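Just so it is clear, the model here is predicted, and its values are computed rather than measured. Start at 1 with the first residue, then count along the sequence.
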Amino acid sequence: MKTFAFLPPAAPATAAASSRSSFLPANPRQAHAAPAGSDVLLRRHAAPTAVVAQPSPAKLSKVEGIKTRSNGLRYPLNEELKNSEPNITDESVQIMKFHGSYQQDDREKRFPGQPKAWQFMLRLKMPAGEMPANMYLTLDKLSEQYGNHTLRATTRSAWQMHGILKSDLKSVFGSIMDSGGSCVGACGDINRNIVATPAPFVHKPYQYARHYSKMLAEVFAPQTGAFSEIWLDGEKAASLEYWKNDINMNTVKKIMSTENGNGTIFKDHIEPIYGDVYLPRKFKMGVTVPGDNSIDIYIQDIGVVVITSPTGMLEGFNVTVGGGLGRTHKKESTFARAADHLGFVRADKFFDLMKSIIAAQRDHGNRENRANSRLKYTIHRMGIDKFRELVESYLGEKVEPWRELPKWEYKDWLGWHDQGDGLKFLGLFIENGRIKDDGDMRLKSAFRFLCQSLKLDMVVTPNQNVIFRNIAPNQVKAVEAILAEHGVKLPSEYHRNRVLSMACPALPLCGLAVTEAERVMPAIVDRVTALCEKVGVDVPIHMRMTGCPNGCARPYMAELGFVGSGPDAYQIWAGGCPNQTHLAWPLYDKVKDSALEAVFEPILVLYRDSKNPGESFGDFCSRVGKEELVRVSEPALLNSAEKAPPVEAPVAKAASVVPASKPASAAPLNGASKSSPVLALSTATRMRLALTAQKMGVSVSELANKVLTEALSPVSVTSETFQLLQDAAVKSSQSTDAVAEDILTKFLNAH
């Protein structure tokens with residue numbers, strides 16, 4: 001059996017291997033895909049060769065060894081789940097990803113000398129984003145019984161559940177599997193959840209998109225028995241995964257196990273597609289129809305476009321390869337990349353081509369350095385033409401030229417639409433994908449009621465929204481009444497900028513986040529919108545935010561992208577376009593959130609005065625370029641106050657005045673005495689303090705003083721808040737402001 005490894009140049013073992021391994025560095029076609037300094041990567045991996053040999057363990061990344069030792073994704077997870085520890089080891093964390101879960105800790109519950117607040121996030125496998133009502137109700141119940149009482153729609157059309165304790169994992173996994181769901185393939189170095197255009201139209205192209213999404217999900221699903229062994233004690237799940245009812249599993253097995261003689265599979269292996277070590281890194285696919293770019297097709301490892309005849313007969317598929325957004329700040333060998341056009345494939349050769357692309361990445365992807373292990377780096381290293389030749393050597397024939405398509409359009413499919421079969425669907429805007437009951441807006445209760453009373457099935461979209469489908473015309477008023485009773489707005493009731501925005505979860509649970517995203521994005525969008533209104537700009541702007549540079553909410557394709565680069569600070573990206581067909585570029589490396597208005601106002605004025613008729617904000621930025629945008633905005637940025645006005649920390653009655661932690665000239669809130677001690681807090685914390693204080697009927701100063709005093713006082717008696725802050729700061733080796741910020745943030749999160 002052939003085993004291919006990513007190795008330094010060596011003599012080819014066969015002519016076939018030699019023909020596949022002509023790796024020549026070439027710049028990708030995207031203008032922004034090859035940053036300065038990436039030639040170092042090209043030289044280091046200039047000519048890898050496919051050889052018949054076992055890879056040297058010394059050359060592989062640590063995770064490759066973990067996968068090899070795992071015994072089919074079992075060890076050491078199967079052993080560690082049996083102990084009483086609240087967490088699992090780093091080695092098990094890597095294996096747990098394949099099972100569909102990430103270990104997390106709540107950073108807002110971290111205290112000196114105390115263990116971390118360990119918990120787990122589960123992500124579901126949901127091909128094409130579809131989920132029946134009864135499966136959703138199972139998740140809703142589990143999130144209340146075992147989770148943090150919320151669900152979250154991801155940018156890969158799936159549900160996530162947070163807050164699961166290790167001791168409850170088996171109950172939650174088992175319940176999901178017995179109810180016809182699965183988490184397998186939602187994470188790990190395998191093909192992740194397949195996204196598809198979420199519109200549930202009955203037109204043929206849309207039907208093909210859904211069907212082939214489900215087929216791809218199963219053809220490239222891991223086959224190890226570890227999942228049922230660990231979570232169901234080796235028993236068969238009580239229910240078949242619901243999407244398998246829509247496809248022929250015998251056909252899936254045949255496709256998976258058929259060898260074309262060119263090394264696409266491992267014959268007679270339990271994992272015919274993946275072998276022992278799976279893929280070098282995660283792999284993402286998306287399927288859509290011509291013109292419908294609801295899936296951000298150019299960020300997928302493989303993008304698939306259904307091509308039909310004028311009568312609706314399936315002819316084949318256009319295929320893109322090599323998209324991906326993850327990167328690392330100040331590491332130029334990592335970068336966002338938009339996909340290339342690989343070509344067209346006839347319908348009867350579609351799965352052969354898909355297996356060939358996977359095999360090319362499996363055998364030739366970088367397994368030494370995980371930062372450069374995605375398919376985008378393989379193609380960047382080789383160039384699209386050489387990669388196409390490599391794929392063709394696995395396929396056994398040429399890939400046909402790309403077929404021309406109509407212009408791509410961003411589609412969110414929100415609001416009411418006719419499905420084409422007499423029924424309707426309703427797309428609802430879910431701000432940053434979070435399903436919860438929050439005050440008068442009882443979104444989670446509304447979804448529960450719709451699924452229980454009307455048994456409405458749903459589709460989670462790639463843009464964190466939800467579509468309810470198969471709604472009879474006589475149910476429309478009932479649906480709208482249920483939503484209104486629960487305080488849920490229709491999409492038309494939001495400003496378009498809010499509807500277009502996306503953010504990742506970030507703090508407090510994501511271990512990679514360096515700043516906020518989901519919790520501050522609505523306020524950021526509102527601030528940019530207010531600026532637009534101030535200067536007279538009346539066009540929607542796609543804005544996206546992540547708490548780190550990994551790009552989960554796809555900020556690098558947005559017209560304005562905010563990428564966390566430090567506490568309350570973001571790298572600003574500009575120049576993406578509304579239809580998500582080309583990358584944005586970094587405008588500023590680090591801008592404090594308090595300075596955003598200073599940066600954006602002169603840019604928006606320039607756009608207002610210099611745009612072409614009908615030109616979007618993102619296309620304008622792309623046309624005028626970074627140098628011009630910096631020219632008009634940098635003076636205002638340099639002159640802006642980098643810190644928001646401080647909030648005072650009043651001293652309790654009869655207490656002595658403690659020197660302020662900031663200059664006395666800083667203006668305190670609410671007309672406090674200039675001699676009062678003051679605290680410099682972030683804009684986000686100040687805004688949340690103000691909103692909470694308003695709900696409680698007290699001033700910001702009173703609320704801040706009360707929270708800080710109660711949190712810091714060792715006994716339940718009145719004492720000087722500021723003195724307590726200083727004492728706590730000394731003990732924790734932090735500034736007074738940092739201690740106050742931490743305490744107030746914890747309080748606000750609880751309210």
Can you classify the ring geometry of Y206 versus H203 as parallel (below 30°), tilted (30 to 60°) or perpendicular (above 60°)?
perpendicular
Can you classify the ring geometry of W159 versus Y136 as parallel (below 30°), tilted (30 to 60°) or perpendicular (above 60°)?
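Geometry flag for Y136 against W159: tilted rings.
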Just by modelled atom types, is the [Y] backbone N or O under 3.5 Å from a matching donor or acceptor in the [X] side chain?
| X | Y | answer |
| --- | --- | --- |
| N193 | A186 | no |
| Q464 | R434 | no |
| R469 | F425 | no |
| N463 | D412 | no |
| E397 | L395 | no |
| D421 | L423 | yes |
| S101 | K97 | no |
| R192 | K282 | no |
| N372 | Y377 | no |
| Q580 | C577 | yes |

Give a yes-or-no answer on whether the side chains of [X] and [Y] include a donor-acceptor pair shorter than 3.5 Å.
| X | Y | result |
| --- | --- | --- |
| S616 | D619 | yes |
| Q419 | N470 | yes |
| D292 | S294 | yes |
| E315 | S309 | no |

Which is it for E259 and K267 under the salt bridge (Lys or Arg N to Asp or Glu O under 4.0 Å) test, yes or no, and what are the steps along the way?
CA-CA 7 Å; E259 169 58 72; K267 198 166 181 61; over 6 Å; no
Would you say the rings of [Y] and [X] are close, in the sense that their centroids are separated by under 6.0 Å?
| X | Y | answer |
| --- | --- | --- |
| Y274 | F220 | no |
| F468 | W416 | no |
| H582 | Y298 | no |
| Y278 | F98 | yes |

Please tell me if the side chains of [X] and [Y] come closer than 4.5 Å, counting only heavy atoms from C-beta onward.
| X | Y | value |
| --- | --- | --- |
| F227 | L73 | yes |
| Y102 | Q160 | no |
| V321 | I384 | yes |
| L426 | L483 | yes |
| F447 | L151 | no |
| R152 | E518 | yes |
| M545 | C504 | no |
| M131 | V459 | no |

Out of curiosity, C187 SG to R156 CZ, how far, rounded to the nearest 0.5 Å?
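Between C187 SG and R156 CZ, I get 11.5 Å after rounding to 0.5 Å.
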From CE (M256) to CZ (F351), nearest 0.5 Å:
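Taking CE in M256 and CZ in F351, the distance rounds to 10.5 Å.
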Do D301 and K284 meet the salt-bridge criterion of a basic N to acidic O distance under 4.0 Å?
no
Between K125 and E241, is there a side-chain N and carboxylate O pair less than 4.0 Å apart?
no
Do you know which two heavy atoms are closest between [X] and [Y], and how far apart they sit?
| X | Y | result |
| --- | --- | --- |
| L456 | A133 | O-CB, 3.4 Å |
| L216 | V287 | CD1-CG2, 4.0 Å |
| I357 | V391 | CG1-CG1, 4.0 Å |
| I273 | I358 | CG2-CG2, 3.8 Å |
| V184 | P222 | CG1-CG, 3.6 Å |
| D363 | G263 | OD2-O, 4.3 Å |

Between Y212 and F317, does the ring-ring contact (aromatic ring centres under 6.0 Å, His included) criterion hold? Intermediate values first, please.
CA-CA 11 Å; Y212 278 88; F317 305 86; 4.9 Å; yes
For a side chain to side chain contact (heavy atoms under 4.5 Å, CB included) check, start with the C-alpha distance between R362 and R367, then their side-chain angles and the critical distance, and finish with the verdict.
CA-CA 9 Å; R362 178 195 67 205; R367 292 184 184 267; 3.8 Å; yes
Could you tell me whether K355 sits above the aromatic face of Y394, with NZ or CZ closer than 6.0 angstrom to the six-membered ring centre and within 45 degrees of the axis?
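Not satisfied by the 6.0 Å and 45° rule.
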Determine, for F335 and R327, whether the Lys NZ or Arg CZ falls below 6.0 Å from the six-membered ring centre while staying within 45 degrees of the axis.
no
Test log, rule side chain to side chain contact (heavy atoms under 4.5 Å, CB included), inputs D189 and R370:
CA-CA 11 Å; D189 295 345; R370 284 181 67 79; 3.0 Å; yes
I'd like to know whether V305 forms a side chain to side chain contact (heavy atoms under 4.5 Å, CB included) with L405, so could you lay out the CA-CA distance, the side-chain angles of the two residues, the decisive distance to 0.1 Å, and finally the verdict.
CA-CA 9 Å; V305 188; L405 297 174; 4.1 Å; yes
Output, in order, the C-alpha distance, side-chain angles, deciding distance and verdict of ring-ring contact (aromatic ring centres under 6.0 Å, His included) for Y556 and W573.
CA-CA 7 Å; Y556 308 120; W573 286 63; 4.5 Å; yes
Check the pair R544, D296 against salt bridge (Lys or Arg N to Asp or Glu O under 4.0 Å), reporting the backbone distance first and the verdict last.
CA-CA 13 Å; R544 296 172 179 177; D296 256 350; 2.9 Å; yes
Does the side-chain hydrogen bond (donor to acceptor under 3.5 Å, both in side chains) test come out yes or no for N366 and S373, once each step is laid out?
CA-CA 5 Å; N366 188 334; S373 291; 4.7 Å; no
Criterion ring-ring contact (aromatic ring centres under 6.0 Å, His included) on Y410 and H542, from CA distance to verdict:
CA-CA 10 Å; Y410 170 80; H542 287 249; 4.8 Å; yes
May I have the step-by-step check of side chain to side chain contact (heavy atoms under 4.5 Å, CB included) for K424 and H417, ending in yes or no?
CA-CA 6 Å; K424 295 179 176 291; H417 300 268; over 6 Å; no
A quick test of your reading: do over 12 heavy atoms of other residues, nucleotides or ligands sit less than 6.0 Å from NZ of K204?
no
